[in-house]
Amino acid sequence: MTAKPLPGQPHFAYRGEELYVEDLRLDDLARQHGTPLFVYSKAAMLAALAAYQRGFAGRRAQICYAMKANSSLAVLQVFARAGCGFDIVSGGELERVLAAGGDVAKVIFSGVGKTRAEMRRALDAGIGCFNVESEAELEVLNEVALAAGRRAPVSIRVNPNVDAKTHPYISTGLKGNKFGIAHERTLATYQRAAALPGLQVVGIDCHIGSQITQEAPYLDAMDRVLDLVQAIEAAGIPLHHIDFGGGLGIDYNGDTPPPADALWAKLLAKLDARGYGQRQLMIEPGRSLVGNAGVCLTEVLYLKPGEQKNFCIVDAAMNDLPRPAMYEAYHQIVPLAPRAGKAGLWDVVGPVCESGDWLGRDRALHVQPGDRLAVLSAGAYCMSMASNYNTRGRAAEILVDGDQAHLIRRRETPADTFQLEKLL
Ligand code: LLP
């Protein structure tokens with residue numbers, strides 16, 4: 001039987017009239033484990049990683065998976081075993097790296113609001129680099145390191161003031177964003193860092209946004225960062241590595257981001273031309289490694305046709321899939337077993353008591369109660385942003401490897417959701 005892979009998600013394919021992930025039928029997984037259910041393809045994650053690895057062949061480069069995209073322990077394990085480091089943004093994420101057996105020396109710690117306790121724990125664990133985001137943070141990190149009798153390895157995150165041309169909530173490299181140190185302040189900040197005894201300057205860092213689908217913002221940011229590298233090194237401060245952050249987009253609905261290897265061929269050509277091609281490089285991709293490696297399965301509960309709108313009420317909701325409600329993000333929604341016949345237009349909505357609880361609007365679907373659907377491109381920023389709103393237990397997660405399905409997180413029970421609470 002010829003398989004028809006889904007555009008953007010080739011590890012998910014229709015065989016005949018049924019949707020498969022690798023060698024398993026998704027409907028079987030939904031039946032066994034219930035819905036809503038996140039299902040990930042290990043092969044899809046490794047294929048996404050391989051595109052970066054091909055791009056960096058023959059170079060000195062460290063890929064640090066930005067685990068905020070999907071921080072489930074087994075997902076971290078897949079990337080740790082493949083040689084990745086991790087970009088973390090909290091003490092909690094550091095503990096996850098340790099629990100998953102990741103190499104702590106390959107951890108970089110980003111974020112504008114690191115606490116003293118988080119800095120101390122990361123220093124004691126021996127992380128590879130702190131990406132410092134403000135002059136005030138630099139002073140505090142110096143104090144914490146001196147008190148611990150250590151020198152903290154630091155990069156400074158520069159804000160290159162380039163427009164990543166993405167949603168305003170996920171654009172981070174513009175002057176008006178809270179992230180990084182302004183281009184103009186960078187050299188002075190490096191001079192201060194080099195003078196502080198508790199710090200060891202090791203690199204420079206930038207990250208301009210997320211779901212970037214064009215090359216130009218990356219090329220512009222690289223030029224701006226290399227100008228700074230030149231100025232900082234001319235001032236006598238050597239930089240061991242250059243970190244270009246993450247941000248590469250994925251195909252949600254006909255989006256056409258450059259493939260990672262093609263993007264890096266262009267970026268490396270620029271690095272070569274400017275004489276930095278042999279420098280140690282780091283990147284922090286999140287979404288592009290996991291986004292299209294996952295789907296969320298859900299069951300149709302009720303159909304509610306109306307005068308103005310037809311609602312298809314499913315058992316997944318904004319607490320499981322927050323991106324439509326938060327960013328009006330588009331996720332494709334497809335049936336696990338398409339029915340013959342004429343499709344209607346449905347707003348696919350969840351059971352949560354908010355009008356903002358929608359997963360897709362005006363979708364052409366031919367569905368009946370009891371049918372199962374897959375919300376696509378759900379591997380990144382879905383489970384990691386899921387909540388217990390409306391006291392809904394978070395979904396279970398399955399990682400598929402060929403014809404093997406591993407339950408990597410069981411479904412939360414109501415008791416799980418209130419286990420930390422106490423009656424008066
Ligand atoms: N490095 C830093 C410092 C970041 O802030 C981020 C993402 C990344 C790396 C990874 O970026 P990626 O490769 O995943 O684009 N919740 C939003 C996305 C927020 C991204 C935040 N920072 C969404 O669902 O679209």
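One-based numbering, in listed order, for ligands and for the atoms of each.
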Are any of the heavy atoms in Met326 under 4.0 Å away from ligand 1?
no

Pairs of nitrogen or oxygen atoms closer than 3.5 Å, one from Gly247 and one from ligand 1: do any exist?
yes

Using heavy atoms and a threshold below 4.0 Å, how should the contact between Tyr327 and ligand 1 be classified: side chain, backbone, both, or neither?
side chain

When you compare ligand 1 with Ser110, is there at least one nitrogen or oxygen pair between them that comes in under 3.5 angstrom?
no

Answer yes or no: does an N/O atom from Tyr381 fall short of 3.5 Å to an N/O atom of ligand 1?
yes

N or O contact, Gly286 vs ligand 1, cut-off under 3.5 Å:
yes

Please state which option from Met385, Lys68, Met67 has its nearest heavy atom closest to atom 4 (C) of ligand 1.
Lys68

Please state which part of Glu284 comes within less than 4.0 Å of ligand 1, counting heavy atoms only: side chain, backbone, both or neither.
both

From the list Ile108, Asp87, Ile204, side chain to side chain contact (heavy atoms under 4.5 Å, CB included) with Asp243 holds only for Ile108

Considering only heavy atoms of Pro285, which atoms of ligand 1 have at least one such atom less than 4.0 Å away?
13 (O)

Backbone N or O of Leu37 within a donor-acceptor pair of the Thr35 side chain at under 3.5 Å?
no

Test: Arg363 cationic atom under 6.0 Å from Tyr330 six-membered ring centre, within 45° of axis
yes

Verify, without hydrogens or angle tests, whether Gln332 (side chain) and Tyr252 (backbone) share a donor-acceptor contact under 3.5 angstrom.
yes

Out of all atoms in ligand 1, which are within 4.0 Å of some heavy atom of Asp87? Include the element for each.
1 (N), 2 (C), 9 (C)

For ligand 1, the portion of Arg287 having any non-hydrogen atom under 4.0 Å away:
both

With no hydrogens and no angle check, do the side chains of Arg279 and His241 hold a donor and an acceptor under 3.5 Å apart?
no

Is the side chain of Asn310 donor-acceptor paired with the backbone N or O of Leu345 at a distance under 3.5 Å, no angle test?
yes

Just checking, is any N or O donor in the side chain of His207 or Ser110 under 3.5 Å from an acceptor N or O on the other one?
no

Indicate the ring-plane relationship of Phe56 and Trp264, choosing parallel, tilted or perpendicular according to the 30° and 60° boundaries.
tilted

I need the contact type for Asn131 against ligand 1. Using non-hydrogen atoms and a strict under-4.0 Å cut-off, is it side chain, backbone, both or neither?
neither

The atoms of ligand 1 lying under 4.0 Å from a heavy atom of Arg157, numbered in the order shown, are 3 (C)

Side chain or backbone of Ala69 under 4.0 Å from ligand 1, or both, or neither, by non-hydrogen atoms?
neither

Looking only at side chains, do Asp315 and Thr298 share a donor and an acceptor under 3.5 Å apart?
yes

Under 4.0 Å between a side-chain nitrogen and a carboxylate oxygen: does that hold for Arg394 and Glu397?
no

Output the list of atoms in ligand 1 that are nearer than 4.0 Å to some heavy atom of Ala66, sorted by atom number.
8 (C), 9 (C), 10 (C)

